[in-house]
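Worksheet: one structure, shown below.
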Amino acid sequence: MEIMIEFPDGSRKAYPKNSTVMDIAESISHGLAKEIVTASINEKLVDLDHQIKEDAKIKLFKFDSPEGKNVYWHSSAHLMAQAVKQLFPEVKVAIGPAIENGFYYDFDKEVPFTDADLEKIEQRMKELAKQDEKYIRHSISKAEAIQKFEKMDENYKVELLQDMSADEEISFYTQGDFVDLCRGPHLPTTSKIKAIKLLKTSGAYWRGDEKNKMLQRIYGITFPSKKMLKKYLHDLEEAKKRDHRKIGKELDIYSISDEIGPGLVLWHPNGALMRSIIEDYWKKRHFKEGYELVATPHIGKAELWKTSGHLGFYDESMYSSIDVDEKKYYLKPMNCPFHIAIYQSQKRSYRELPIKYAEMGTVYRYEKSGALHGLMRVRGFTQDDAHIICTPEQLDEEIEKTLLFSLDMLKAFGFEKFEIFLSTMPEKAVGERDDWEKASRSLEKALQKNQIDFELDEGGGAFYGPKIDIKIKDALNRSWQCSTIQFDFNLPARFGMEYIGEDNNSHRPFMVHRALLGSVERFFGTLIEYHAGNFPLWLCPVQVKVLPISDQYLDHAKKINASLLANEIRSKVDLKNEKIGYKIREAEMMKIPYMFIVGQKEVEAKTVSVRKHQQGDLGSFGLEEMIARIKKQIENKV
RNA sequence: GCUGGGAUAGCUCAGAUGGUAGAGCAACUGAUUCGUAAUCAGUAGGUCGGAGGUUCGAAUCCUCUUUCCAGCACCA
């Protein structure tokens, strides 16, 4: 008997009935058979020894696919659990999935794992991998499974089983002496795992709930080749070098001081200068897009935050109240209520809409101590906030404009790759279903019309409205949250916002809350990590450093500096009594884009020797020519 | 907030088993006046995160506390 197998390219081929996935891979090429990790039969992932009983569509996955990685790392998690059980028999296993980069496994162990334990476990894993144990699948009933794992005293597995429905097929996998409840699929044998590295341990709550017991988690990663592991570890090192906290200190951009308070940022002159450049550009662009600038206070009365609902929803992450004249005031966690108050200071007509209020608004949120992280998570930060208040008819146009504005703005900062998410109505939500529909469609239309790829996060919206989030992708394939465009059905209703329509009746406007950069602090952190501190020229606090060969040419250097400054190029002279090599090294380390070196030769020829950061000597140029070139580059934001 | 690990000069870090703190860089002074990633010499700089305790004696041991790091949880 034969069955027809269809491949992803649409081609079909007959195979004997009960051929395994491996047989099919082998029939294509031996090389493929060696590399294949998993496969899908009619879109369902299966083991490689899975026998195919009828006509089917097949897809073969190697490690380089997301499916392949997932299976590979999941099997690695089992291998790690096996090693742990052998070394620490008293430990109970919880869960161990594959994650974006590698895998983890949670264990219940009284004493946390030490670094030395990790090494032992890693070593044992390597030995076990070499033993070439097969991963074998077994199916049993739920009752049998519960009995089996109860006998093994694996109460976490039993708990997982109890939550499964009775008609679900229960499977477990064994490799050597290790048994684990698991849906699969898995690698054929442990020997496929060639390079192993356990990375870190940490506490993690059972089932991710902070009310539950804290278990011990071990993170690890594995690869089919040592080379791949080496590259991965190298990238980790690279990420460390780009850490915005490290570069922020080295380039003297900001600091956070214990005396002032955790999560409160001090912007040093370099950082403050860059912020003001960012803000100036931001304002210019917003005026062009028809936004009006507003400015609002840092605190507001309790009643306001009751009306807005913040005291109800976010009480725990608001700074506690300030009591004045027997009234309670709160530091603002958001700008919206103030913008709404400005809207409501007059009766509004449909003729005025859309109204777009923008503000670099500094807000304060009490973030839990463990959440704080450099500039990325802070307690006081500035949102590049704006509220678009419009009629239902204006919705589509305004959303599209905002989306394109946002992407265009981000590109000016050198960002090129984005990840875009559309999040729709969650289970708990306020507002009319119709409005949610209309708003979600509007967001989707804007994306589709402009052929922007996005991922749908069904049910992932905030309780008050659907949203589009834009994340930046960097060279190390990391993503950074930036823009957010969010509908708000909550606040317009709570504050009773209205406008008078053409029909002389009052209507509720739509309100869209949006931030393009997100928070200036986090955006800055992202800028640093993305560019590794090598900022685009137009943002650099010092664009040119003039380096005299010796003190004799100091006056000449100062003259050049003055012409640069006169041309609005940010420039400084190195006044140190040092050799040119020293001055260059220092300027290179400060990541200054251009170095102008001047000595006897340049004085005579009326030129400057130009050195570019990370590139080296570019040769001699006339000063005027260089000024024009740099001005152009600043202008074009290259 | 939870689990674990840290905090020593402006920065990066060294200081087994308790005996009263050290290097490199930076800073300052002097010499040198130099051609594309560190010139030489000297000077100064620390109540070892803070508060208690144990001890004849604490950077080192104990308790509490502040804060940082990794992960978890959280993120309007």
Side-chain angles (χ1 to χ4, degrees), chain A residues 99 104 106 109 111-115 199-219 240 243 245-246 249-250 252 255-263 305 308-310 312-318 332-336 363 365-374 376-379 381 383 385 461-465 467 481 484 486 488 490-491 513 515 518-519 522 547-554 576-590 595-602 609-620:
Chain A
I99 51 176
Y104 67 79
D106 287 347
K109 179 173 185 287
V111 188
F113 293 104
T114 62
D115 287 351
L199 298 163
K200 55 201 166 195
T201 59
S202 81
Y205 302 108
W206 165 235
R207 297 192 143 181
D209 189 333
E210 60 185 326
K211 290 187 200 81
N212 290 341
K213 180 164 183 182
M214 187 164 265
L215 307 174
Q216 298 305 318
R217 176 173 295 179
I218 302 179
Y219 286 91
K240 243 190 228 165
D243 192 317
R245 293 166 300 185
K246 183 170 174 282
K249 191 186 281 177
E250 284 165 359
D252 199 14
S255 63
I256 293 173
S257 146
D258 287 3
E259 286 91 78
I260 286 154
W305 305 111
S308 71
H310 286 102
F313 297 123
Y314 305 113
D315 184 32
E316 278 174 15
S317 42
M318 282 172 72
K332 66 172 167 185
M334 275 196 127
N335 305 299
C336 333
V363 298
R365 297 180 186 173
Y366 175 75
E367 299 283 1
K368 288 188 186 164
S369 59
L372 299 174
H373 180 86
M376 298 302 186
R377 256 323 250 294
V378 288
R379 288 185 175 158
F381 59 96
Q383 290 181 312
D385 207 356
F463 73 89
Y464 51 78
K467 60 173 180 175
Q481 167 76 45
T484 182
Q486 312 190 336
D488 195 327
N490 186 41
L491 292 180
H513 172 109
S519 97
R522 190 178 51 207
L547 311 179
I549 293 287
S550 78
D551 283 357
Q552 288 174 21
Y553 311 105
L554 246 181
K576 283 207 179 76
N577 174 9
E578 285 290 352
K579 299 211 291 193
I580 196 65
Y582 183 96
K583 295 179 187 178
I584 286 170
R585 180 181 148 82
E586 204 169 57
E588 287 283 355
M589 289 201 307
M590 289 306 283
M595 286 154 264
F596 284 6
I597 295 158
V598 289
Q600 188 59 34
K601 223 165 60 189
E602 288 74 17
S609 281
V610 179
R611 184 188 164 100
K612 192 140 190 231
H613 174 52
Q614 286 184 317
Q615 287 179 26
D617 195 355
L618 298 186
S620 292

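Only a predicted model underlies this, so the values are computations on that prediction, with no experimental measurement involved.
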(request) For each nucleotide in nucleotides 44-50 of chain B, reading 5' to 3', give B when a protein heavy atom comes within less than 4.0 Å of its base, S when such contact involves only the sugar-phosphate, and - otherwise. (result) -------
(request) For nucleotides 70-76 of chain B, just jot down a letter per nucleotide in 5' to 3' order: B, S or -, based on protein non-hydrogen atoms under 4.0 Å. (result) SBBBBBB
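Every side-chain hydrogen bond (donor to acceptor under 3.5 Å, both in side chains) that D243(A) has, sequence neighbours left out, goes to R245(A). Judged as a side-chain hydrogen bond (donor to acceptor under 3.5 Å, both in side chains), and not counting sequence neighbours, the contacts of K246(A) are E250(A). Take E588(A) and apply the salt bridge (Lys or Arg N to Asp or Glu O under 4.0 Å) test, not counting sequence neighbours, and it matches R611(A). Listed by chain and number, the residues in a salt bridge (Lys or Arg N to Asp or Glu O under 4.0 Å) with R377(A) are E367(A) (sequence neighbours excluded). Checked against side-chain hydrogen bond (donor to acceptor under 3.5 Å, both in side chains), Q216(A) has no partners two or more places apart in sequence or in another chain. The side chain to side chain contact (heavy atoms under 4.5 Å, CB included) search around M376(A) returns H244(A), H373(A), W480(A), R522(A), T526(A), E529(A), not counting sequence neighbours. S308(A) pairs by the side-chain hydrogen bond (donor to acceptor under 3.5 Å, both in side chains) definition with H310(A), not counting sequence neighbours.
Because its NZ or CZ atom is both nearer than 6.0 Å to the ring centre of F113(A) and within 45° of the ring axis, K109(A) counts as a cation-pi partner of that residue.
A donor atom on one side chain and an acceptor atom on the other are not found under 3.5 Å apart for R207(A) and Y205(A). Between the side chains of Y366(A) and E316(A), no donor N or O sits under 3.5 Å from an acceptor N or O.
Rounded to whole angstrom, the span from the NZ atom of K213(A) across to the C1' atom of G1(B) amounts to 19 Å. Whole-Å rounding puts the K583(A) NZ to U33(B) P distance at 14 Å. The nearest whole Å value for the distance from the CG atom in D551(A) to the P atom in A31(B) is 12 Å.
When distances run from any side-chain atom of Y582(A) to the nucleotides G35(B), G4(B), A26(B), the shortest one goes to A26(B).
Using a 4.0 Å heavy-atom distance criterion, I584(A) is classed as a base contact. Using a 4.0 Å heavy-atom distance criterion, E602(A) is classed as a base contact.
The nearest heavy atom of RNA chain B to S609(A) and to Q552(A) marks one nucleotide each, and the one closer to the 5' end goes with Q552(A). For S550(A) and G261(A), each mapped to the nucleotide of RNA chain B holding its nearest heavy atom, the one lying further toward the 5' end belongs to S550(A).
Sorted by residue number, the members of residues 610-620 of chain A with any non-hydrogen atom under 4.0 Å from RNA chain B read R611(A), D617(A).
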Protein N or O to nucleotides 5-15 of chain B N or O, pairs below 3.5 Å:
unit_1 : atom_1 : unit_2  : atom_2 : d
U12(B) : OP1    : K249(A) : NZ     : 3.1

Show me the protein contacts with nucleotides 61-66 of chain B, counting only N or O atoms at under 3.5 Å.
none

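The shortest side-chain heavy-atom distance between F596(A) and L547(A) does not fall under the 4.5 Å cut-off. Two residues are said to be in side-chain contact when any heavy atoms from C-beta on lie closer than 4.5 Å; H513(A) and M334(A) meet this criterion.
The P atoms of C56(B) and A14(B) are separated by 32 Å, rounded to the nearest whole Å.
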